[in-house]
A.B. asks: 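Before I ask anything, here is the structure I am working with.
These numbers come from the heavy atoms of this one structure, side chains and all, not from hydrogens, waters or symmetry mates.
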Amino acid sequence: MISKVPVNLLLGVALFLTVHAQPKILRTPTNSPDVPPCALTCVGGGPTVWKMSRYYHGRAYTTTDISKCGFIGTPVVTANIVGRNLFPLPPAVALNQVTREKFGAFVLGADANAQEVNKRALELHWTAHGYVC
């Protein structure tokens, strides 16, 4: 049986956890010291303009600016693709050239050229974890 919980209580718990949760990063590419007040999670996503890669023929590519996150070293970045027309399977994404200021992303799979990916309005959504002090 599912009980009904007041929405205000759920929002309060979510806000408490968001404000009081201390991120803990076990390892980063630059092995920054684990200082909890300095750890930051930065996220982004939305409409993405994909271009044809100059290095990987037939693959859509985009560069994402994360400089506003303020990382002092290379963060740990994960990403996925969302959008309409993901049937039968959503395409995968591979990241490269991750720095504290930007990263590149390739679309992998069939129909991964920029024209098709832009037509399907596929968006890159990402999360970066790193240190800011």
Side-chain angles (χ1 to χ4, degrees):
M1 178 177 157
I2 299 174
S3 61
K4 293 184 180 178
V5 179
V7 173
N8 290 344
L9 177 62
L10 291 175
L11 291 175
V13 169
L15 179 60
F16 175 81
L17 292 174
T18 301
V19 172
H20 295 287
Q22 288 288 335
K24 181 167 182 78
I25 300 171
L26 299 179
R27 185 174 175 192
T28 65
T30 54
N31 290 321
S32 300
D34 184 11
V35 182
C38 294
L40 175 77
T41 297
C42 190
V43 300
T48 306
V49 177
W50 299 93
K51 303 172 282 188
M52 287 303 289
S53 169
R54 290 181 287 174
Y55 304 105
Y56 298 102
H57 180 70
R59 299 282 177 233
Y61 181 80
T62 191
T63 300
T64 300
D65 180 359
I66 58 172
S67 61
K68 291 182 182 176
C69 297
F71 294 120
I72 60 169
T74 303
V76 175
V77 179
T78 58
N80 66 330
I81 294 178
V82 299
R84 61 179 189 253
N85 300 321
L86 296 177
F87 183 80
L89 292 174
V93 63
L95 305 180
N96 75 336
Q97 300 179 349
V98 178
T99 71
R100 64 187 181 93
E101 296 181 343
K102 65 182 179 178
F103 67 89
F106 289 93
V107 178
L108 305 175
D111 298 327
N113 65 67
Q115 181 179 359
E116 182 64 26
V117 170
N118 284 320
K119 183 173 87 175
R120 293 169 61 186
L122 300 184
E123 299 178 354
L124 183 70
H125 288 205
W126 56 270
T127 304
H129 309 277
Y131 295 99
V132 293
C133 59

A.B. asks: Side chain to side chain contact (heavy atoms under 4.5 Å, CB included), that's the test. Do Ile81 and Val107 meet it? Break it down for me.
C.D. replies: CA-CA 8 Å; Ile81 294 178; Val107 178; 3.8 Å; yes
A.B. asks: How long is the straight-line distance from OG1 of Thr74 back to CZ of Phe103, given to the nearest 0.5 Å?
C.D. replies: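 If we round to the nearest 0.5 Å, Phe103:CZ and Thr74:OG1 are 13.0 Å apart.
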A.B. asks: Any side-chain heavy atom of Lys102 within less than 4.5 Å of one from Ser67?
C.D. replies: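 No, too far: nothing below the 4.5 Å cut-off.
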A.B. asks: Would you name the heavy atoms of Pro75 and Thr99 that are closest together and state the gap between them?
C.D. replies: CD-O, 3.5 Å
A.B. asks: Within a strict 4.5 Å, meaning less than it, do heavy atoms of the Ile72 and Cys133 side chains meet?
C.D. replies: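 Ile72 does not reach Cys133 side chain to side chain.
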A.B. asks: To check you understand the geometry: which heavy-atom pair defines the closest contact between Trp50 and Ala114, and what is its length?
C.D. replies: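 For Trp50 and Ala114, the tightest heavy-atom pair comes out as O-CB, 3.7 Å.
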A.B. asks: Mind listing the closest non-hydrogen atom pair of Asn96 and Ala105 along with its distance?
C.D. replies: OD1-N, 4.3 Å
A.B. asks: If you define the side chain from C-beta out and look only at heavy atoms, does anything of Cys42 sit under 4.5 Å from Phe71?
C.D. replies: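 They are in contact (side-chain heavy atoms under 4.5 Å apart), so the answer is yes.
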A.B. asks: Please give me the minimum heavy-atom distance between Val117 and Ala60, naming the atom from each residue.
C.D. replies: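 Smallest interatomic distance, heavy atoms only, reads CG2-CB, 4.0 Å.
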A.B. asks: Kindly indicate whether the side chain of Met52, heavy atoms from C-beta on, has any atom under 4.5 Å from the side chain of Asn113.
C.D. replies: yes
A.B. asks: So, do Ile66 and Lys68 sit near enough that their side-chain heavy atoms are less than 4.5 Å apart?
C.D. replies: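 No, their side chains stay 4.5 Å or more apart.
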A.B. asks: Search all heavy atoms of Phe106 against all heavy atoms of Ser53 and return the closest pair with its distance.
C.D. replies: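 Of all heavy-atom pairs spanning Phe106 and Ser53, the closest is CE2-OG, 3.3 Å.
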A.B. asks: Could you give the distance from NZ (Lys51) to OG1 (Thr63), rounded to the nearest 0.5 Å?
C.D. replies: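 Nearest 0.5 Å value for the NZ-OG1 distance: 5.0 Å.
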A.B. asks: Are Val93 and Leu124 close enough that some pair of their side-chain heavy atoms sits under 4.5 Å apart?
C.D. replies: yes
A.B. asks: Is the shortest side-chain heavy-atom distance between Tyr61 and Tyr55 below 4.5 Å?
C.D. replies: no
A.B. asks: For residues Gly45 and Trp126, report the shortest heavy-atom separation together with the two atoms involved.
C.D. replies: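 So the minimum-distance heavy-atom pair works out to N-NE1, 4.0 Å.
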A.B. asks: Nearest 0.5 angstrom please: His125 NE2 to Thr78 OG1, how far?
C.D. replies: 12.5 Å
